[in-house]
Amino acid sequence: MFGVCLAYPATTIGAVLCLIVVAGALLAPWLAPFDPNDQHIIDRLVPPGGDYLLGTDAYGRDVLSRILWGARISLAIAVSSITVAIVIGGTIGMVSGYVGGQIDLIIMQTMDVLLSFPSLILGLIVVALLGPDLINLVAAIALTAIAPFARIARAPVLSLKERAFIEAGRALGFSHLRILFVHILPNILSEVLVMGSLWMATAVRTEASLSFIGLGVKPPTATWGGMMREGFENILDAPWLSIWPGIAILLLVLGLNMVGDGLRDATDPRLRGET
Amino acid sequence: MIFYIIRRLLAAIPTLLAVLTLVFLIVRVVPGDPAIAILGDRATPDGIAALHAKLGLDKPIWQQYVDFIGQSLSGDFGRSMVTGRPILTDVGAVLPHTIDLTLASLIVGTVIGVPVGIWAALHRNRFIDYTARLLSLIGLSFPVFVSGIFILLLFALHWRLFPVIGNARLDDPVDRLDKLVLPAATLGLVMAAYITRVTRSAMLSVLGEDYIRTARAKGVPWRRVVWRHALRNAAMPVVTVVGLYIGILIGNSVLTEIVFNRPGLGKIIVGALNQRDYTMLQGLMVIYCFLIVVVNLITDLTYGLIDPRVKQ
């Protein structure tokens with residue numbers, strides 16, 4: 001990772017952006033000047049500056065504190081949904097590629113169908129049907145990311161399973177499970193994890209979008225998308241309510257994309273500087 | 001070409017069936033009884049049974065599936081549970097707005113993305129290239145509702161160049177265009193970012209090919225090499241991305257329509273979600289599926305036009 005950062009300045013900037021957000025989220029209880037849900041009724045819609053560095057919202061809540069606490073939700077949902085997608089999608093792809101034949105064909109066709117559906121619409125409908133809470137959001141976002149991970153995990157397995165060391169494993173009588181998870185998995189892990197960092201950016205974006213539509217974690221819990229939604233209702237009187245959470249989302253997504261791009265270039269030299 | 005079109009049309013049928021099956025599964029597999037969700041917690045057993053019969057949920061699952069596929073393929077998407085109107089009527093009323101937005105964003109994305117991508121590839125690892133790469137990365141990092149709100153704040157509220165509300169009158173072309181500019185710019189800029197990246201990458205790999213070196217060696221002017229030899233071969237991945245991106249565009253249009261208060265498919269879907277209009281939701285998902293399959297088909301046919309080898 002440090003080598004990658006040295007070789008690609010953009011990756012360093014991306015890593016710094018991500019670290020700032022992660023530090024903000026972890027240190028929120030100490031950094032946030034106020035409780036994110038404390039309503040200061042006298043100080044409603046106060047512009048940035050003074051006691052409230054980034055201003056207050058329509059309930060008199062401190063925007064900076066809500067952004068810091070909101071980072072926790074964004075990161076928690078993104079990390080857990082992508083972890084679920086990697087575990088389920090990765091396993092499906094590995095098994096599909098390893099088994100091959102008709103089963104592989106059917107599984108991959110199913111994944112292609114899932115892939116062809118607009119992810120936001122899919123997430124929207126699943127959350128709406130399940131009900132908006134943290135677990136359902138994670139499930140919905142994970143569902144939109146399972147197919148790409150299945151594809152990414154499957155491709156290298158197709159060539160790996162023909163290699164001599166796998167044949168040797170079979171000759172030694174290793175079980176399929178052992179071959180898959182002990183011998184094949186370590187060889188595809190880096191590719192899957194690099195993709196994970198790029199998809200993390202998409203997960204942050206999807207979570208924020210769902211919250212903006214009103215299908216995120218319920219208020220008064222601070223989420224960046226939810227803050228933008230509330231800010232949008234006061235856009236004429238208090239534009240800062242939309243601007244600050246918007247910048248926070250942009251910085252995190254940009255940081256994750258920069259890190260993902262750098263890691264991908266580093267793991268696949270053919271792509272270096274090409275995308 | 002006719003055989004190629006027929007072959008692609010036939011290949012689209014299994015995809016359509018598969019996507020319809022997915023829609024059926026999503027609506028059925030997700031836990032919870034739609035009848036209870038619609039009627040609320042105080043629903044009586046009789047009321048639930050009556051609604052089950054009305055929605056066809058009392059039939060065996062295989063029959064529900066056969067009915068659903070049959071109705072979808074015959075173009076019967078059902079009626080809204082809230083308004084009672086056929087879903088196609090509601091969709092038909094807003095479809096021109098959605099088509100306007102999708103086409104306009106496609107144009108914005110292509111007009112900006114392709115030349116910038118080519119330009120960046122021709123100046124690889126120079127200032128222009130780095131700037132194009134950074135801007136395209138920023139472009140695709142923007143969730144559309146964030147860029148939409150920023151654009152709205154700047155161009156509609158601060159400089160007052162364009163209207164805030166995007167509900168255009170369809171019979172007035174000037175009004176239609178005026179209210180299309182900001183939403184199309186919002187979606188188009190994200191699309192331009194994707195197209196820039198893919199065009200640049202495709203051009204770079206083509207420019208390294210032997211036939212480009214041969215063309216240059218025999219004295220073909222550089223401009224002609226780029227536009228005629230390189231670009232035509234780099235067009236395939238770009239078309240693929242544009243085709244794939246239309247799916248994302250349809251998803252993102254939900255957010256754009258909310259920000260600019262524009263009528264469209266996305267607005268209807270959010271309305272149906274809020275009103276728990278399950279038949280409308282299912283119908284909309286089916287319509288989305290048809291749109292996706294049609295877009296894929298058009299993408300395939302475009303391949304045939306760009307590269308005659310594909311047709312064989």
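Source: prediction; values computed, not measured. Throughout, protein chains are lettered first and strands after them, A, B, ... in sequence-line order, and every chain is numbered starting at 1.
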request  = Tell me, with the steps shown, if B:Leu273 and A:Val127 meet side-chain contact (heavy atoms from CB on, under 4.5 Å).
outcome  = CA-CA 10 Å; B:Leu273 287 172; A:Val127 178; over 6 Å; no
Under 4.5 Å from a heavy atom of chain B, the part of [X] involved:
{"X": "A:Ile249", "value": "side chain"}
{"X": "A:Ala201", "value": "neither"}
{"X": "A:Leu143", "value": "neither"}
{"X": "A:Leu256", "value": "neither"}

With side chains defined as the heavy atoms from C-beta onward, is the minimum distance between [X] and [Y] less than 4.5 Å?
{"X": "A:Pro239", "Y": "B:Leu157", "answer": "no"}
{"X": "B:Leu255", "Y": "A:Leu120", "answer": "yes"}
{"X": "B:Ile138", "Y": "A:Met258", "answer": "no"}

Take atom [atom1] of [X] as the centre, draw a 6.0 Å sphere, and report whether it contains more than 12 heavy atoms from other residues, nucleotides or ligands.
{"X": "A:Trp69", "atom1": "CH2", "result": "yes"}
{"X": "B:Trp119", "atom1": "CH2", "result": "no"}
{"X": "A:Ile135", "atom1": "CD1", "result": "no"}

request  = Apply side-chain contact (heavy atoms from CB on, under 4.5 Å) to A:Ile121 and B:Leu284, showing your working.
outcome  = CA-CA 10 Å; A:Ile121 303 283; B:Leu284 283 171; over 6 Å; no
inquiry  = Using side-chain contact (heavy atoms from CB on, under 4.5 Å), reason through B:Ile149 and A:Phe212 one step at a time and then give a plain yes or no.
reply    = CA-CA 12 Å; B:Ile149 288 177; A:Phe212 180 73; 3.9 Å; yes
task = Locate the shortest heavy-atom distance separating A:Asn257 from B:Ser141; write the atom from each residue and the value.
result = ND2-OG, 2.9 Å
query = What closest approach, in Å, do A:Phe232 and B:Ile258 show between heavy atoms, and which atom pair accounts for it?
reply = CE2-O, 4.0 Å
What part of [X] lies closer than 4.5 angstrom to a heavy atom of chain A: side chain, backbone, both or neither?
{"X": "B:Phe150", "value": "side chain"}
{"X": "B:Leu137", "value": "both"}
{"X": "B:Leu153", "value": "side chain"}
{"X": "B:Val259", "value": "both"}
{"X": "B:Met285", "value": "both"}

query = Who among B:Leu134, B:Leu140, B:Leu281, B:Thr21 has the most heavy-atom pairs with chain A under 4.5 Å?
reply = B:Leu140
key: Stepwise side-chain contact (heavy atoms from CB on, under 4.5 Å) test for B:Phe145 and A:Ile213   = CA-CA 10 Å; B:Phe145 68 95; A:Ile213 293 171; over 6 Å; no
key: From B:Asn252 atom CG to A:Ser209 atom OG, the distance as rounded to the nearest 0.5 Å   = 7.0 Å
